[in-house]
Amino acid sequence: MAVGSRTEVRSGARQRERAHGWHRFQRRFAPYLFISPFFILFAIFGIFPTLFSIYLSFQRWNPIQGLSAMEFVGWENYVWLFGDPWFWKAAWNTVWLALVSGVPQHLLAIPLAFAVTTALARFRHPLTAAYFMPYITSTVAVALVFQTIYGTQFGVLNQAINALADWAPLAWLFSGIREFLPVDWLGRAMYIKPAVAILVIWKYFGFNVVLYTAGLSTIPREYYEAAEVDGASVWQRFWHITLPLLRPMIFFAVTLTIIGNLQLFDEPFVLTNISGNRTGGPGEAGLTLAMYLYRTGFEWVDMGTAAAMSWVLFIVIGAATFIHYRLLGRRGLERREG
Amino acid sequence: MAVLTDARKEVPSEAAGNRTGRLVTRAVLLVTLVALALLTVFPFYWMLVLSTHARDTIFSAPPPLWLGDDLQRNYQALMDVLPFWRNIWNSVYIAVISTLTTVFFCSLAGFGFAMYDFRGRNFLFGFVLVSLMLPQLLNIIPYYLIIDFLGWLNTPRAIWFPGMANAFGIFLMRQYTASAIPKELLDSARIDGASEFRIYWSIVLPLVRPGVATLALLTFINQWNDFMGPLVILRNRDTYTIPLALRSLQGIANTDWGAVMLGTALAVLPLVIIFFFTSRQVIEGLVRGSVKG
């Protein structure tokens, strides 16, 4: 009895120890196992492609002819790009669109967010949800809708403009620009970029309203109350409390806009595609760098040049983000820490 | 904003006058903001209107502002030019698989980063964050080449597989798990002999369900709308997702806009319905993912 119980105890302890060993082992390696899918996928579909595209940007290659057809050409792809007029045109269009479709989003979103968090707090959710709705819908779908809205003769936008121009109280406003009506939004080079910009602003300003609303709700109510006691007007409160404290969020939101807008693809690609035009409409006025990249890589099957272009674009995005950080971010972030 | 300038701090003697002044400015502000909201949703209304009209009423002045009676005809026309329900099915299939896998792998990794102290954790998490900043466009060429090399062109898995453990989802789930689950809870489960995966599956996952729901919604929406990835991978009509199918209608001469608008309406409607019921969660999820800590 006594002997038996001793061995029983011993084997039980060994079992426990063994179980404990396995337990410790799986506990130690579990976190690595849990996070590994990301790193495996990122290695295959992230790091490897990135490195490969650096390599590719120094090659001339049409993939249809197989890997052996790759031919090292040094900096030739980059040199060619910088001498290519379409590349410069696309770069100009991209920067123009990034600015004109980017800046108004924020000029619109900040006051709106201020209004729905202060004076109209009761209507905060329904209003933000309405502003936000375009953001969740397919760009292709809404670009098609905008294509009908922009129609020259029968588009609802031009019909609205005409109605306003014919309306007596407003006629004076349109007297100077009457000759430009009806506006051929997608058919003439000078109107294409504004038409794209309107779509981009419409689609993304609500997203920024949401971001700024979140940023504003972190500002302590006491600040406003103290300012109100001191007799500050709404405008003063907005200017001296809201804006400075919102700065980190402005920095963040503008960074997202910069990165997104410099890669603008879906909106101009669908909007300027009228009867098979794939080069951004008349005069390539809506051709962005992303579109040009797509065309070079997948329609002209010149993978080397397309890869070079993606790196130029990456450097442009990096530079723009860095400049933005120097201008706005550093001070804004310091303030937050201080 | 200028309209609000007059709404000064109330001084007792002029309180009454000020209150009406305030009310007026608030009313003006509300009307402006509601008008802007209506303007924002107008294109969706317009899409619905056009989807019920035939070509000759679409191209007329004044434009039709209310629903017409050509819905049936437009539906027929849409079915004639597209394998429409097949395209919808492709979109549903990709979005559902993508959502399920993303939710699983991201919540698992988020749990790993939030609840364990292990060597290299901060470095590895920093790596995840940095990878968030790589522009998608940089990889589009080699992504296509890898998919081609794997023989996955024209297959749905080329779309959902690469992104199923993505940085955004991991970040979102890490933040959520860290704030929702006390570490002591895990220790007591360990004393009861549960394995780490079991802890994740039967303790953590049920507790982070709201975070999971948010990530699921965002993933579904993104995948449903994704255009550039499918554009380079899915090259034949029967494998098109819905955005690709809609875009392919642009090439047709004399585009039947009524049919096209019906197609876009049917493509947009599921998301609008989902958004109608979950807008709070979607919006808060995006905010949580973008506002760090």
Side-chain angles (χ1 to χ4, degrees), chain A residues 26-27 30-31 34-35 37-38 41-42 45-46 49-50 52-53 63 111 115 119-120 127-134 136-142 144-145 148-149 154 156 159 210-211 214 228 231 233-235 238 259 263 265-266 270 273 276 290 293 297-298 303 306-307 310 313-314 317, chain B residues 1 4-5 7-9 26 29-30 33 37 40-41 43 46-47 50 59-63 105 108-109 111-113 116 118 124 128 131 135 137-139 141-143 145-146 162 165 170 195-196 221 225 227-228 232 243 246-247 250-251 257 260 264 267-268 271 275 279 283 286-287 290-291:
Chain A
Q26 63 98 26
R27 190 177 167 187
F34 293 168
I35 64 172
F38 169 79
L41 286 175
F42 190 67
F45 295 99
T50 307
F52 185 68
S53 85
L120 301 174
L127 285 172
T128 353
Y131 300 146
F132 187 71
M133 211 166 98
I136 58 145
T137 50
S138 152
T139 311
V140 176
V142 297
L144 285 168
V145 177
T148 71
I149 289 177
F154 300 107
V156 70
Q159 297 212 40
V210 165
L211 286 186
E228 212 172 342
S233 69
V234 172
W235 176 249
F238 176 70
I259 296 175
Q263 297 186 73
F265 178 81
D266 301 7
V270 179
N273 179 355
L293 191 162
F298 296 100
M303 291 293 175
S310 73
L313 188 58
F314 178 63
I317 293 173
Chain B
M1 273 307 91
L4 273 179
T5 323
R8 304 235 164 202
K9 159 89 183 107
R26 270 193 56 175
L29 192 62
L30 182 63
L33 264 63
T40 308
V41 296
W46 185 239
M47 168 183 85
L50 291 196
F59 295 107
S60 64
F105 285 112
L108 189 62
F111 167 59
F113 276 121
Y116 294 90
F118 52 93
L124 291 172
V128 172
S131 80
L137 209 54
L138 189 62
N139 279 340
I141 302 280
Y143 162 67
L145 295 174
I146 291 171
I170 291 172
S195 73
E196 300 304 308
I221 291 171
N225 294 336
F227 180 56
M228 197 174 200
V232 301
L246 291 176
R247 194 204 66 123
Q250 284 190 310
W257 281 108
V260 175
T264 57
V268 164
L271 287 198
F275 183 66
S279 57
I283 288 173
L286 266 175
V287 167
S290 47
V291 189

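Lettering follows sequence order; numbering is per chain, from 1.
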Go through the atoms of F42(A) and report whether side chain, backbone, both or neither lie under 4.5 Å from a heavy atom of chain B.
side chain

Name the region of I170(B), side chain, backbone, both or neither, that has any atom closer than 4.5 Å to a heavy atom of chain A.
side chain

Under 4.5 Å from any heavy atom of chain B - which part of I136(A):
both

Carefully, step by step, assess T40(B) and M133(A) under the rule side chain to side chain contact (heavy atoms under 4.5 Å, CB included).
CA-CA 8 Å; T40(B) 308; M133(A) 211 166 98; 5.9 Å; no

What option among L313(A), T139(A), T148(A) has the most heavy-atom pairs under 4.5 Å with chain B?
T148(A)

Under the side chain to side chain donor-acceptor pair (under 3.5 Å) criterion, do T50(A) and N139(B) qualify, and how do the steps go?
CA-CA 6 Å; T50(A) 307; N139(B) 279 340; 3.3 Å; yes

A290(A) meets the side-chain contact (heavy atoms from CB on, under 4.5 Å) criterion, sequence neighbours left out, with F265(A), T288(A), L137(B)

Heavy-atom contact with chain A under 4.5 Å, split by part of L124(B)
both

Could you grab the distance from atom CD of E196(B) to atom OH of Y116(B), nearest 0.5 Å is fine?
3.5 Å

Please rank D266(A), L293(A), T128(A), V142(A) by heavy-atom pairs under 4.5 Å with chain B and give me the top one.
D266(A)

Counting only non-hydrogen atoms closer than 4.5 Å, does L144(A) touch chain B with its backbone (N, CA, C, O), its side chain (CB onward), both, or neither?
both

Which of L127(A), I259(A), V156(A) touches chain B most, by non-hydrogen pairs under 4.5 Å
V156(A)

Heavy-atom cut-off 4.5 Å, strictly under: side chain, backbone, both or neither for F38(A) against chain B?
both

Atom CZ in F275(B), atom OG1 in T137(A): separation rounded to 0.5 Å?
10.0 Å

Please assess W46(B) against I149(A) for the test side chain to side chain contact (heavy atoms under 4.5 Å, CB included), listing each intermediate value before the final yes or no.
CA-CA 8 Å; W46(B) 185 239; I149(A) 289 177; 3.4 Å; yes

Contacting moiety of L271(B), where chain A heavy atoms sit under 4.5 Å:
both

Counting only non-hydrogen atoms closer than 4.5 Å, does A267(B) touch chain A with its backbone (N, CA, C, O), its side chain (CB onward), both, or neither?
neither

Can you tell which of W257(B), Y143(B), F111(B), F105(B) has the highest number of heavy-atom pairs within less than 4.5 Å of chain A?
W257(B)

Qualifying residues under side chain to side chain donor-acceptor pair (under 3.5 Å), relative to S279(B), sequence neighbours excluded
H125(A)

One should read off an interatomic distance between I35(A) CD1 and F118(B) CZ, to the nearest 0.5 angstrom, of 4.0 Å

